[in-house]
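Take a look at the structure set out below.
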Amino acid sequence: MKDNYFRTRVFFVPFLKKRFIISSLICLFAAFPAFAFDDIQQTAAEDTRQMTKQAEKLFKKGKYPEAEKLLRRVLSVNPNDSSAKLKLAKVFLKQRKLVEAYDHSLEVCKNEPKNSEAFAVLGMTYLYAGNFHEARIAVVNSLKLDRREAMAWAGLGLIDFYENRIDHSLDRLGQAVYNDPSEPDYTFAFAQVAARAEKYKQAAEAYRRYLSISNETDKDRRERIKGVIDFLNYLGNQEYLYVQSGKEQTSVKFQLVGNRPIIELRINNSEEPLRFVLDTGSGISVISEKTASKLKIKTVARGGHARGIGGDGRFEIVYGFLKTVNIGDVKIRNVPVYIRKFHTNNEIIDGYIGLALISKFLTTIDYGDLSFSLTKKESVHKKAATGDDLSLPLRLTSSGFLSGEVQLEGVQVPLNFIVDTGASISVISDDIAGTAEMSQFMKSETMRVIGAAGVTENVPSFLLPRVTFGTHTRESVNAIALDLDIINEASGFEQAGILGGNFLRNYRLTFDFDNSKVIFVPIQK
C-alpha cells in the first residue's frame with residue numbers, strides 16, 4: 001500500500017508542477033492583448049521560412065550536413081511541413097542515407113498522393129537502393145501527376161541507362177536537363193550516357209557544363225572530370241573506335257590462373273604475345289605502365305586520381321590509345337585504355353580486357369574447355385543472341401560494371417552483385433559481413449588482397465553456405481569482406497558484393513550485351 005502510494009505521489013508531483021506552470025502562462029497571456037499569441041506564431045513561422053531558405057542555399061552549395069541540421073530544426077517546430085520533409089529527403093539522397101530518404105518521402109506520398117515531387121524522390125531512393133521495379137512504378141506515377149517533374153525524368157533515364165537502353169536514356173535525361181538545367185546531377189548523368197553512346201564530343205560538352213553549374217568542392221574530382229573531358233575530346237577526333245576486321249568468329253584458349261582467365265593477344269601489330277586477364281569487372285581495357293613503356297604507347301590525357309580497392313585506395317588516372325588489338329583471328333582497331341601501375345603477386349600480367357571491347361561481340365568464356373570466343377554481332381542468329389531459359393538479366397552500372405541479383409542464405413532479399421571474371425574470389429560488402437546473419441559464417445583465417453590501388457593485408461574471410469544467381473546455386477562458396485563504398489560511389493545503385501572466379505569457374509558464360517543478358521550453362525564434371 002505504501003509503495004503504491006509512493007509511486008502515485010512520484011508520478012503526480014511533476015504533473016501538478018507542470019500544470020501549475022501552464023496555468024500561470026495562460027494567466028500571463030490573458031494579461032496581454034489577443035494579438036500577442038498570433039505574433040509569436042507568426043514569428044515562429046517566419047523563423048522556419050528563413051531556416052528553409054538558408055537550407056536551400058546550403059543544399060545548392062553542396063553543404064548537405066549543414067542543410068540537414070536546419071531542416072531538422074524546421075521539422076521539430078512544424079512536423080507536418082511536407083515541403084521541408086521532401087527537402088530533407090533530397091539531402092539524405094545526396095548523402096546516400098537511403099533509409100532516411102525513404103522514410104521521409106514515403107510519408108509525404110501517403111499523406112499527399114498527388115504530390116509528384118514526393119513520388120519522384122521516392123522513386124530515386126528505390127533506384128539508388130537497386131530496387132528497379134519499385135523505382136519505375138514511383139517515377140512513372142510522378143510523371144502521370146506532373147509531366148514537368150525533372151527528377152522523375154532523370155529516374156526513368158537512369159533505369160534505361162542501367163538496363164542498356166541507351167537511346168531512350170539520352171532522350172529522358174535530356175528532358176530532365178531541359179526541365180531543370182540548374183541541377184548538376186542530371187547533366188552529369190547525361191554526360192555519362194552520351195559517352196556510353198560513343199557521342200564523345202557531346203559528352204565532353206555536358207561534363208564542361210557540369211563543372212560550370214556544380215558546386216563541386218572536391219578538387220581531385222574536378223581534376224578527374226577535366227581529364228575525362230580531354231580524353232573524350234581526343235576520342236571525338238578519331239574516325240571510329242573498336243573497328244572490327246578479320247574472321248566472323250574466333251576462339252582462343254586461356255589459362256586459368258588463380259580463378260582468372262588469361263589469354264594471349266598482340267598489340268599494335270607487334271609479334272610478341274602479351275598476357276591479358278579477361279575482366280568483366282573493368283569498364284574499359286587497362287595496360288600496365290611497364291608494358292605501355294615497352295611498346296611506346298603514349299599518354300593522350302590524364303587527370304586526377306581514381307579510387308580503387310587495395311593500398312591507400314588511390315591511383316593516378318592516365319589514358320592511352322591502342323592502334324590495334326589482335327585476338328585470335330579478329331583484329332580490333334582504335335581501342336581506348338587506362339595506363340596504370342600493376343600490383344601483382346609475381347604474376348606476369350600485361351593488361352586487362354574490359355567490357356567496352358568485348359561488348360562489341362557475342363562473347364563466351366567457357367571454363368570447361370578453357371576457351372574464349374568472340375562472334376561478330378551481325379553474324380549471330382537470333383536464337384543465340386536471346387539465349388534460353390538459362391539466361392539471366394544483367395545491368396550495367398554507371399561505371400561500366402555488370403551487375404545481377406544474387407541471393408545469399410541468411411539474407412531475405414536479393415542483393416546486387418558485380419559479375420567479375422577478373423576477381424579471383426567472391427566478395428561481400430563490409431555492411432553485409434557485419435550483420436548477425438553473416439557473422440556466423442566468418443572464418444578464422446584472413447587473406448591478402450591485391451587490388452587496383454595496392455595491397456591490403458588481413459582481410460576477413462567467410463564460407464558462404466549457399467549462393468544463388470538466378471536458378472544457379474553453389475554451396476560452400478569462399479568470400480572475403482571488403483569496403484565497397486568506393487565502388488558504390490560510382491556505380492549508381494548499391495552493390496552488395498562481387499561474384500568472382502571461384503563461383504563463375506563452374507559455368508560456360510555467354511555475354512549478350514545487346515540484350516543485357518548472360519547465359520549460364522553448368523559445366524558437366
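Everything numeric in this text was worked out from a predicted model, so none of it was measured. What you see below is based on every heavy atom in this structure, not just the backbone, and it leaves out hydrogens, waters and symmetry mates.
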- prompt: Is the count of non-hydrogen atoms from other residues, nucleotides or ligands lying under 6.0 Å from Q440 atom CD greater than 12?
  reply: yes

field: Side chain to side chain, I263 and I353, heavy atoms closer than 4.5 Å
entry: yes

task: Flag yes if more than 12 heavy atoms outside K247 fall under 6.0 Å of its NZ atom; otherwise flag no.
output: no

message: Does V193 form a side chain to side chain contact (heavy atoms under 4.5 Å, CB included) with I166? I'd like the steps, not just the answer.
response: CA-CA 7 Å; V193 179; I166 301 303; 3.9 Å; yes

field: Crowding at NZ, K443 (>12 non-hydrogen neighbours, <6.0 Å)
entry: yes

task: Taking T510 for its side chain and I519 for its backbone only, find out whether a donor-acceptor pair lies under 3.5 Å.
output: no

field: Where G123 and V139 come nearest, the two heavy atoms and their spacing
entry: CA-CG1, 3.9 Å

message: Under a 3.5 Å distance rule, please check whether T250 uses its side chain to pair with a backbone N or O of D329 as donor and acceptor.
response: yes

N164 side chain to F513 backbone, donor-acceptor under 3.5 Å: yes

query: When rounded to the nearest 0.5 angstrom, what distance separates CD in E409 from OG1 in T468?
result: 8.5 Å

- line: So OG1 of T125 and CD of E134: to nearest 0.5 Å the spacing works out to 12.5 Å

message: Side chains of V518 and Y507, heavy atoms from C-beta outward: is any pair under 4.5 Å?
response: no

- prompt: Looking at R136 and E163, does any basic side-chain N land under 4.0 Å from a carboxylate oxygen?
  reply: yes

- prompt: Aromatic rings F231 and Y319: how do their planes relate, parallel, tilted or perpendicular, breaks at 30° and 60°?
  reply: parallel

message: Could you tell me if the side chain of Q495 sits less than 4.5 Å from the side chain of F417, heavy atoms only?
response: no

message: Ignoring hydrogens, what is the shortest heavy-atom contact between A204 and L232? Give both atom names and the distance.
response: N-CD1, 3.8 Å

Flag if over 12 foreign heavy atoms under 6.0 Å of CG, D167: no

field: Within-4.5 Å side-chain heavy-atom neighbours: S398 and Y162
entry: yes

- prompt: How close do V427 and A479 get, heavy atom to heavy atom, and via which atoms?
  reply: N-CB, 4.3 Å

query: Hey, what do you get for CD (E205) to NZ (K199), rounding to the nearest 0.5 Å?
result: 15.0 Å

query: Is L370 atom CG crowded by more than 12 heavy atoms from other residues, nucleotides or ligands, each under 6.0 Å away?
result: yes

query: For the side chain of T187 and the backbone of A206, is there at least one donor-acceptor N/O pair under 3.5 Å apart?
result: no

field: Aromatic centroids of F342 and Y352 separated by under 6.0 Å
entry: yes

- prompt: Going through the checks in order, is the side chain to side chain contact (heavy atoms under 4.5 Å, CB included) test met by I229 and L211?
  reply: CA-CA 11 Å; I229 292 171; L211 289 178; 4.0 Å; yes

statement: Between R221 and Y210, the two heavy atoms sitting closest are NH1-OH, 2.7 Å

Exam field: side chain S214 to backbone P184, donor-acceptor pair closer than 3.5 Å: no

Ring center gap for F132 and Y126 short of 6.0 angstrom: no

query: What pair of heavy atoms forms the shortest contact from A496 to L415, and how long is it?
result: CB-CB, 3.8 Å

Test log, rule side chain to side chain contact (heavy atoms under 4.5 Å, CB included), inputs F401 and N416: CA-CA 11 Å; F401 299 135; N416 293 312; over 6 Å; no

- request: Using a cut-off of 6.0 Å, state whether more than 12 heavy atoms not belonging to K253 lie near its atom NZ.
  value: yes

message: Strictly distance-based, threshold 3.5 Å: is any side-chain N or O of T421 a donor or acceptor partner for the main-chain N or O of L278?
response: yes

task: Dump the intermediate steps for salt bridge (charged side-chain N to carboxylate O under 4.0 Å, His left out) on R96 and E494, then the final yes or no.
output: CA-CA 10 Å; R96 292 301 178 109; E494 291 294 310; 3.6 Å; yes

query: Within the distance-only criterion (no hydrogens, no angle test), does the side chain of N515 pair as donor or acceptor with the backbone N or O of K517 below 3.5 angstrom?
result: no

message: I want to check something: taking the side chain as every heavy atom from C-beta on, are F254 and I262 in contact at a cut-off of under 4.5 Å?
response: no

task: Determine, step by step, whether L484 and D430 satisfy the side chain to side chain contact (heavy atoms under 4.5 Å, CB included) criterion, reporting the C-alpha distance in whole Å, the side-chain angles of both residues, the deciding distance to 0.1 Å, and the verdict.
output: CA-CA 7 Å; L484 297 186; D430 281 347; over 6 Å; no

- prompt: Which value, rounded to the nearest 0.5 Å, describes the distance between I498 atom CD1 and F503 atom CZ?
  reply: 14.0 Å

- request: Report yes if the side chains of R395 and E405 come closer than 4.5 Å at any heavy-atom pair, otherwise no.
  value: yes

message: A side-chain contact here means heavy atoms from C-beta on lying under 4.5 Å apart; do K94 and D185 qualify?
response: yes

message: With a 3.5 Å distance limit and no angle check, can you tell me whether Q175 reaches the backbone of D171 through a side-chain donor-acceptor pair?
response: no

- request: Using the salt bridge (Lys or Arg N to Asp or Glu O under 4.0 Å) rule, pick out the option among R302, R224, R340 that qualifies with E316.
  value: R302

query: Distance from I418 atom CD1 to L402 atom CG, nearest 0.5 Å?
result: 9.5 Å

- prompt: Is the side chain of Q244 donor-acceptor paired with the backbone N or O of E248 at a distance under 3.5 Å, no angle test?
  reply: no

field: Interatomic distance, R165 atom CZ to D160 atom CG [nearest 0.5 angstrom]
entry: 4.5 Å

Heavy-atom pair of closest approach, residues P261 and L256: N-CD1, 3.9 Å

query: Is it true that a side-chain atom of Q255 and a backbone atom of V257 form a donor plus acceptor pair closer than 3.5 Å?
result: no

Pair S399, S491: side-chain N/O donor-acceptor within cut-off below 3.5 Å: no

Pair N268-K296, side-chain donor/acceptor within less than 3.5 Å: no

task: Flag the pair R196 / L396 as yes when at least one side-chain heavy-atom distance between them is below 4.5 Å, and no otherwise.
output: yes

